[in-house]
2 protein chains.
Amino acid sequence: MRSTSARPRATIRDVAQAARVSPQTVSNVINAPDRVRPDTRTRVLAEIERVGYRPSTAARGLRHQRAGAVGIELNVSSGGGDVGALLVGQLTVRAPSYGVHLVPFADDEVFPMVEAYRDMVRRHLVDAFVFADTHSGDPRPGWLLEHEIPFASFGRPYSHPELTCWADVDGHAGLTLAVEHLVERGFETVAYLGWPLHLEDPAVAEDRHAGWVDATASLGVGGPSGTSDQELGAAVRAADALLDELGPGDAVACASDLLALGVLYAAAHRGLVVGTDLGVVGFDGSLLARRHGLTTVVQPFRDIADSLLGIVRDQLAGRPSPQAGHLLRPALAASATTDRTGTSTAYPQIPSLTRR
Amino acid sequence: MRSTSARPRATIRDVAQAARVSPQTVSNVINAPDRVRPDTRTRVLAEIERVGYRPSTAARGLRHQRAGAVGIELNVSSGGGDVGALLVGQLTVRAPSYGVHLVPFADDEVFPMVEAYRDMVRRHLVDAFVFADTHSGDPRPGWLLEHEIPFASFGRPYSHPELTCWADVDGHAGLTLAVEHLVERGFETVAYLGWPLHLEDPAVAEDRHAGWVDATASLGVGGPSGTSDQELGAAVRAADALLDELGPGDAVACASDLLALGVLYAAAHRGLVVGTDLGVVGFDGSLLARRHGLTTVVQPFRDIADSLLGIVRDQLAGRPSPQAGHLLRPALAASATTDRTGTSTAYPQIPSLTRR
DNA sequence: GTAGGCGATTTGAACGTTCCAATTTCGGCC
DNA sequence: GGCCGAAATTGGAACGTTCAAATCGCCTAC
């Protein structure tokens with residue numbers, strides 16, 4: 001049974017005493033090593049190592065009037081899908097490089113969300129925020145701006161086009177990658193399955209759609225297009241309608257991995273072998289894509305995390321805002337659904353099972 | 001452009017001055033309201049409200065020698081699946097009720113993980129840990145125990161059977177629920193698709209398997225069983241083999257939602273209408289289940305979060321460990337894959353598309 | 001020989017909170 | 001009116017760190 005003995009951990013004074021210098025010198029060794037003589041430095045460093053000293057985050061935060069933390073809202077109720085989880089993962093991995101840690105929080109479904117933001121700041125729990133699900137009526141950018149609380153958003157803050165504190169994936173470039181890849185693999189016509197424009201953030205839908213329009217136009221491989229909400233049932237129906245206008249050797253580029261999954265189902269229903277007969281490319285690089293062998297445009301979550309953390313770091317340092325937001329290039333991860341040799345396995349792969 | 005003006009936020013002294021009491025009295029109003037006269041209390045509370053005062057987490061942490069935070073390791077590289085994300089979500093939601101916040105962290109793939117744990121504690125970033133992916137060779141329980149660092153694990157710490165600082169879902173009860181539900185819906189034989197015992201944590205696999213064995217035995221509906229790794233391709237193959245021994249009106253209970261998805265595919269391949277002809281129940285309550293209309297045994301993540309946070313709270317308070325770990329009952333969420341009326345939609349629902 | 005300068009190091013104070021001990025206030029009682 | 005005990009409130013110190021200013025030691029120049 002563990003006790004809470006909690007013998008006090010080594011402090012800067014312990015190190016100082018053992019190294020026979022003042023606490024301030026130890027502090028300097030850590031924060032401004034060039035201000036201390038080399039021999040002193042090595043002596044202190046040895047002592048730090050010996051006792052396993054680490055500066056107390058709380059004491060530092062108190063002294064600096066800074067929490068050294070970035071808040072991130074998890075929208076738990078909506079489940080979030082795994083895109084949010086992947087972003088949180090990369091933010092977690094990258095945060096230490098920016099000298100901060102992450103503090104996730106969630107609304108308790110009773111208060112308006114800004115209350116939670118306000119509280120976090122007042123309690124000095126965090127210095128800034130990052131969030132991932134901006135939408136047009138979002139009160140947060142305006143509110144944070146008004147209260148001079150630093151933040152960065154993944155996705156352009158729709159309500160404040162003048163802001164530059166955002167990072168976003170370049171959907172246009174992503175769909176260009178998708179179309180180019182499909183053409184390279186020898187697919188003839190590239191159709192598109194996207195989102196309707198009445199969604200919360202039509203900018204994303206437009207961006208990706210435009211990428212498909214431009215890329216297919218310049219390569220002369222344009223085909224029909226359809227739209228569906230981000231829901232599997234709707235996606236299957238929309239994909240089914242789309243496939244009416246397509247034949248073997250054609251392909252569909254999609255605005256999301258979930259929509260692409262809908263295409264896989266609609267194709268399986270028609271007995272089309274995805275990969276060989278029909279190319280399918282999704283968007284997001286989600287777990288779903290990996291699981292189903294879906295070729296997908298992977299969101300550069302690591303770069304996104306770096307951008308977002310860099311933005312809040314600069315804001316906290318008082319540096320001027322950049323000229324523009326960060327538009328990051330996604331990458332294409334080829335997999336079974338564009339593999340014309342049929343050696344890799346896409347799921348659902350109903351026809352291939354039949355052939356065994 | 002936002003500046004870092006950061007005008008100082010209200011402190012306890014500001015409140016004290018405005019309410020014409022000492023800072024200590026304000027502190028009492030917050031931490032021991034019964035020690036202060038009612039009229040003074042209301043006066044102080046009004047002032048707290050007016051200036052929007054909140055105690056500084058850093059100052060409190062420094063004074064109490066306690067971070068008020070619980071660390072949670074995210075295993076980013078493995079992607080985690082959404083089970084991990086759901087747990088993190090509920091931990092985030094519930095943490096405030098325990099007076100703590102969450103601090104996620106991840107290994108940077110170079111240090112052994114315990115280094116990261118050690119560092120978090122030394123820096124006073126967290127007081128305790130929660131983790132979610134114990135396995136047999138896991139060094140963490142032993143190490144944390146040895147260093148007297150409080151922790152709670154989701155899943156029994158395999159290496160230390162004597163420990164009680166864990167919460168786990170009752171897989172046996174979950175599969176009993178699944179089998180009972182299938183029988184209630186009129187399915188005749190209930191087969192099982194589980195994990196092989198050479199997995200990292202065979203206890204989970206055994207637990208769920210035993211639940212199926214006992215429940216089918218007592219109801220007299222036992223059928224064949226198979227195993228597959230937690231991977232879609234393998235699951236489809238195992239499910240296909242299993243279906244060789246089943247006919248219309250039978251059902252499959254699975255150890256996870258992903259395995260259940262494999263059954264859906266194998267069934268679709270054979271033209272079986274899932275729900276009507278074949279019952280399928282998954283396990284986890286993952287997003288995948290929701291997306292595919294899968295009847296599933298839902299992990300009680302909220303209860304799990306409460307158990308884990310309660311365990312570390314008690315440990316930090318020096319309370320003795322409980323007699324046993326917390327075994328939590330899951331719940332069954334019925335959906336399309338056990339809906340014999342065929343009114344709801346399961347995906348993949350290839351046959352129903354055909355019939356339209 | 002001493003003033004001046006420079007780099008290395010130390011001292012003192014403060015960040016906001018709460019514990020502990022000391023002090024004041026209050027109501028009741030003789 | 002004065003005294004007692006309990007309740008309410010206050011002052012001082014400390015948690016661990018770092019900033020700003022002061023001090024120390026050493027060297028050079030006059």
Side-chain angles (χ1 to χ4, degrees), chain A residues 6-45 47-48 51-69 99 119 121-127, chain B residues 6-45 47-48 51-69 99 119 121-127:
Chain A
R7 65 183 172 301
R9 288 178 249 286
T11 74
I12 204 171
R13 307 177 84 103
D14 301 324
V15 176
Q17 209 158 5
R20 288 191 278 171
V21 292
S22 74
Q24 180 60 45
T25 300
V26 179
S27 175
N28 286 337
V29 167
I30 296 172
N31 301 304
D34 47 321
R35 266 194 222 156
V36 56
R37 224 176 350 171
D39 60 329
T40 315
R41 193 191 313 160
T42 50
R43 183 158 39 103
V44 171
L45 282 174
E47 214 54 46
I48 286 178
V51 303
Y53 166 73
R54 294 291 181 283
S56 154
T57 309
R60 272 192 165 168
L62 186 56
R63 178 69 242 234
H64 284 132
Q65 296 288 78
R66 192 153 285 185
D119 239 53
V121 173
R122 283 189 177 157
R123 294 168 56 206
H124 293 251
L125 241 186
V126 303
D127 307 310
Chain B
R7 64 184 174 301
R9 289 178 249 286
T11 75
I12 204 171
R13 308 176 84 104
D14 300 325
V15 176
Q17 208 158 6
R20 287 191 279 172
V21 291
S22 73
Q24 181 59 48
T25 300
V26 178
S27 175
N28 285 337
V29 167
I30 295 172
N31 301 303
D34 48 322
R35 264 193 223 157
V36 54
R37 223 178 345 172
D39 59 330
T40 313
R41 194 190 314 159
T42 49
R43 183 158 39 102
V44 171
L45 282 174
E47 212 55 43
I48 286 178
V51 303
Y53 166 74
R54 294 290 181 284
S56 154
T57 308
R60 272 190 165 169
L62 186 56
R63 179 69 242 232
H64 284 128
Q65 295 290 77
R66 191 152 286 185
D119 238 54
V121 174
R122 283 189 178 156
R123 294 167 55 204
H124 293 251
L125 242 186
V126 304
D127 307 311

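Naming: A, B, ... by sequence-line order, numbering from 1 per chain.
- Contact annotation for Gln65(B): backbone-only contact, meaning every heavy-atom pair under 4.0 Å involves sugar-phosphate atoms and none involves a base.
- One atom, CG of Leu62(B), and another, P of dT18(D), lie 12 Å apart when rounded to the nearest Å.
- Nucleic acid contact class of Arg54(A) (heavy atoms, under 4.0 Å, all strands): sugar-phosphate only.
- Rounded to an integer number of Å, the gap from CZ of Arg60(B) to P of dA14(D) is 22 Å.
- Counting heavy atoms from C-beta outward, Asn31(A) and Arg60(A) have side chains that approach closer than 4.5 Å.
- Taking side-chain N and O atoms only, Arg37(B) has a distance below 4.0 Å to OP1 or OP2 of dT9(D).
- The nearest whole Å value for the distance from the CG atom in Asp39(B) to the P atom in dT25(C) is 15 Å.
- Under the side-chain contact (heavy atoms from CB on, under 4.5 Å) rule, Thr25(A) has a single partner from Ser27(A), Ser22(A), Pro23(A), which is Ser22(A).
- As judged by a 4.0 angstrom heavy-atom cut-off over every strand, His124(A) is placed among residues making no nucleic acid contact.
- Base contact: Thr25(B) has a heavy atom under 4.0 Å from a base atom.
- When atom types are taken as modelled, the side chain of Arg123(A) and the backbone of Arg54(B) share no donor-acceptor pair closer than 3.5 angstrom.
- For the OP1/OP2 pair of dT18(D) and a distance below 4.0 Å, the side-chain nitrogens and oxygens of Ser27(A) include at least one atom meeting the criterion.
- Protein atom CZ of Arg20(A) is 17 Å distant from nucleotide atom C1' of dA8(C), rounded to whole Å.
- Looking at the side chain of Thr11(B), the nearest of the listed nucleotides dT10(D), dT17(C), dT10(C) is dT17(C).
- Contact annotation: the side chain of Val44(B) approaches that of Val29(B) to within less than 4.5 Å [non-hydrogen atoms, C-beta and beyond].
- Phosphate proximity of dT18(D) to Asn31(A): present, with a side-chain N or O under 4.0 Å from OP1 or OP2.
- Separating the CZ atom of Arg9(B) from the C1' atom of dG16(C) is a distance of 13 Å, rounded to the nearest angstrom.
- With DNA chain D read from its 5' end, the first of the two nearest nucleotides for Pro23(B) and Ala10(A) is the one closest to Pro23(B).
- Side chain Arg63(A) to base dT18(D): a donor-acceptor pair is found below 3.5 Å.
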Go through the steps for Val21(A) and Thr40(A) under the test side-chain contact (heavy atoms from CB on, under 4.5 Å), then give the verdict.
CA-CA 8 Å; Val21(A) 292; Thr40(A) 315; 3.8 Å; yes

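- The side chain of Ser56(A) contributes no N or O atom lying less than 4.0 Å from OP1 or OP2 of dC15(D).
- The CZ atom of Arg66(A) sits 14 Å away from the C1' atom of dT18(D) (whole-angstrom rounding).
- Looking at Val26(A) and Glu47(A), their side chains never come closer than 4.5 Å, going by heavy atoms from C-beta outward.
- Here Ser22(A) lies in heavy-atom contact (under 4.0 Å) with a base.
- We find that CZ of Arg35(A) is positioned 12 Å from P of dT9(C), with the value rounded to whole Å.
- The distance between atom CD1 of Ile48(B) and atom C1' of dT17(C), rounded to the nearest whole Å, is 13 Å.
- Side-chain atoms of Gln24(B) lie closest to dC20(C) of the nucleotides dC20(C), dT17(C), dG16(C).
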